[in-house]
Amino acid sequence: MCSTSRRRVAAGDDVEVTALDTALDTALAAAQQRYADTHPVSASWAARATEVLPGGNTRSVLHFDPFPFRVASAEGRYLTDVDGHRYLDLLGNYTAGLLGHSPEPVRTAVHTAIDGGWALGAVHPDEVRLAELIAERIPSIEQVRFTNSGTEANLMALALATTHTARSKVLVFDGGYHGGVITFGNAREVNVPHDWIVSTYNDVGALDATVAEHGQTIAAVLVEPLQGSAGCIPGDPAFIASLRRHCDETGALLIFDEVMTSRLAPGGAQEVLGVTPDLTTLGKYLAGGFSFGAFGGRRELMAAFDANAGGRLGHAGTFNNNVVSMAAGVATLAEVLTPEVLAATNARGERLRSDLNATFARHDLAMSATGSGSLLNLHGTAGPVRSVADLATSDDRWKALLFFDALDAGFHLARRGFIALSIEITDDDVDAFVSFVETWAATATSLT
């Protein structure tokens with residue numbers, strides 16, 4: 001055990017500061033300083049940005065201290081920043097970049113669509129083609145409507161659920177993220193005012209108690225089959241099956257937020273889990289990297305938006321069926337994301353997670369990687385991680401140190417430890433990153 005060097009106050013409590021704490025703090029400060037020293041152009045852009053953008057950005061997740069690097073260009077599986085550094089992109093725009101950067105079939109489809117005009121204010125063929133392709137793939141979707149983001153898709157799905165059931169309460173789970181205004185992971189939430197009930201993810205007992213208390217007042221259960229923003233925490237099959245059972249018993253609608261997880265199989269996580277929700281929300285990569293969202297389900301539920309069938313719900317959105325996203329989505333599903341390509345990418349992610357966990361264990365580091373398929377997250381704890389509560393004692397400094405050292409070595413992942421492999425990432429790329437982590441872990445062990 002490391003000896004105690006001094007004491008400090010954290011979160012209002014006196015805590016022991018060990019030699020390891022001091023070593024970690026010193027190593028992290030040095031890594032951040034190296035980063036700042038080697039990114040002067042990004043630093044100048046960051047200073048300029050803060051004058052006109054609060055926090056220097058307009059997407060909060062992209063910020064990290066001391067400042068984020070600013071991208072100048074992207075191609076294939078690489079990013080190049082304004083300082084001239086080139087990175088292997090292991091983040092894939094937080095899952096939206098599943099296809100890599102500028103895949104040729106999508107580029108061609110978009111150019112062709114734009115050549116025919118792009119602000120139509122009318123229906124057009126590609127929205128039908130894309131809807132057909134999605135309905136063919138996703139088990140729960142017979143009909144679908146398009147939005148501009150996953151956030152919008154979840155908002156519309158909840159509107160449908162509360163109208164259909166004539167109830168107001170929505171059951172969600174701690175750590176859940178369903179868009180910029182539907183998030184349950186921290187104190188900075190800016191949520192729409194639904195009547196939320198928050199239960200514990202992967203805890204069947206807590207779920208049973210919550211449903212017993214609220215029962216017939218629940219309009220919908222909104223859940224990620226794998227919690228993404230919380231740290232790539234997979235839903236336990238028994239827990240997910242219990243959600244389906246409770247919804248059947250109470251008449252609530254089960255909504256799978258598959259904005260991220262639909263990439264885990266051609267039919268999404270619901271195909272893997274063997275559980276069919278009432279409604280499914282989609283987004284991220286399905287338009288090949290362009291803005292996109294969708295929600296869909298059984299025909300009788302979606303009829304709420306069909307005036308000819310007596311539906312009373314409207315659905316506005318100037319860009320819902322914009323020609324760029326629709327054309328890109330058709331190319332994505334018809335030409336690029338074959339079942340074989342998805343399977344290979346997810347297998348690559350499984351191998352990466354296994355190799356990383358083996359490396360951390362071999363070096364006796366209190367770190368782990370969680371996730372499923374091509375989605376994974378690094379944590380400053382040895383685990384296991386079944387809910388956000390298990391991350392309460394995670395040491396973020398390990399992730400931060402690995403993040404900055406990875407940038408030095410030419411690998412880009414999220415500051416929070418998130419990795420989302422694109423189909424462009426190769427087996428050699430995975431081997432290279434594992435080799436880097438092996439070397440890094442050997443050095444990090446000396447800190448302990």
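- With salt bridges taken as basic N to acidic carboxylate O contacts below 4.0 Å, none links R386 and D203.
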### Task
List the steps, then state whether side-chain hydrogen bond (donor to acceptor under 3.5 Å, both in side chains) holds for S354 with E350.
CA-CA 6 Å; S354 176; E350 292 287 349; over 6 Å; no

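- The pair R245-D208 meets the salt-bridge criterion, with a side-chain N (NZ, NE, NH1 or NH2) lying under 4.0 Å from an Asp/Glu carboxylate O.
- For the pair R244 and D278, the salt-bridge criterion is met [side-chain N within less than 4.0 Å of a carboxylate O].
- We find the OG1-CG distance between T183 and N154 to be 11.5 Å, quoted to the nearest 0.5 Å.
- Within a 6.0 Å radius of CD in Q216, other residues, nucleotides and ligands contribute more than 12 heavy atoms.
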### Task
I would like to know whether L160 and M302 meet side chain to side chain contact (heavy atoms under 4.5 Å, CB included); could you show each step before the answer?
CA-CA 8 Å; L160 173 54; M302 297 301 292; 4.0 Å; yes

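- The number of heavy atoms from other shown groups lying within 6.0 Å of CZ (R312) does not exceed 12.
- Separation of the Y285 and F292 ring centroids does not fall under the 6.0 Å cut-off.
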### Message
Go through it in stages, so that I can follow the logic: the residues are E132 and R129, the test is salt bridge (charged side-chain N to carboxylate O under 4.0 Å, His left out), and I'd like the CA-CA distance, side-chain angles, deciding distance and then a yes or no.
### Response
CA-CA 5 Å; E132 290 171 342; R129 296 187 183 107; over 6 Å; no

### Query
Checking side chain to side chain contact (heavy atoms under 4.5 Å, CB included) for the pair V434/L352: CA distance, chi angles, key distance, verdict?
CA-CA 7 Å; V434 171; L352 173 58; 3.6 Å; yes

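- Going from atom CZ of R137 over to atom CG of L286 covers 8.0 Å, rounded to the nearest 0.5 Å.
- Nearest heavy-atom pair across A161 and A220 is CB-CB, 3.6 Å.
- A pairwise comparison of heavy atoms in Y94 and R59 identifies CD1-NH2, 3.7 Å as the closest pair.
- We find that D81 and R70 are not joined by a salt bridge, their nearest charged nitrogen and carboxylate oxygen being 4.0 Å or further apart.
- Using a 3.5 Å distance cut-off with no hydrogens or angles, the side chains of T95 and R263 do not pair a donor with an acceptor.
- A salt bridge links D396 with R415: the closest approach of a Lys/Arg side-chain nitrogen to an acidic carboxylate oxygen falls below 4.0 angstrom.
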### Message
Show, in sequence, the C-alpha distance, side-chain angles and deciding distance for T210 and S199, and conclude whether the side-chain hydrogen bond (donor to acceptor under 3.5 Å, both in side chains) test is met.
### Response
CA-CA 7 Å; T210 300; S199 189; 3.3 Å; yes

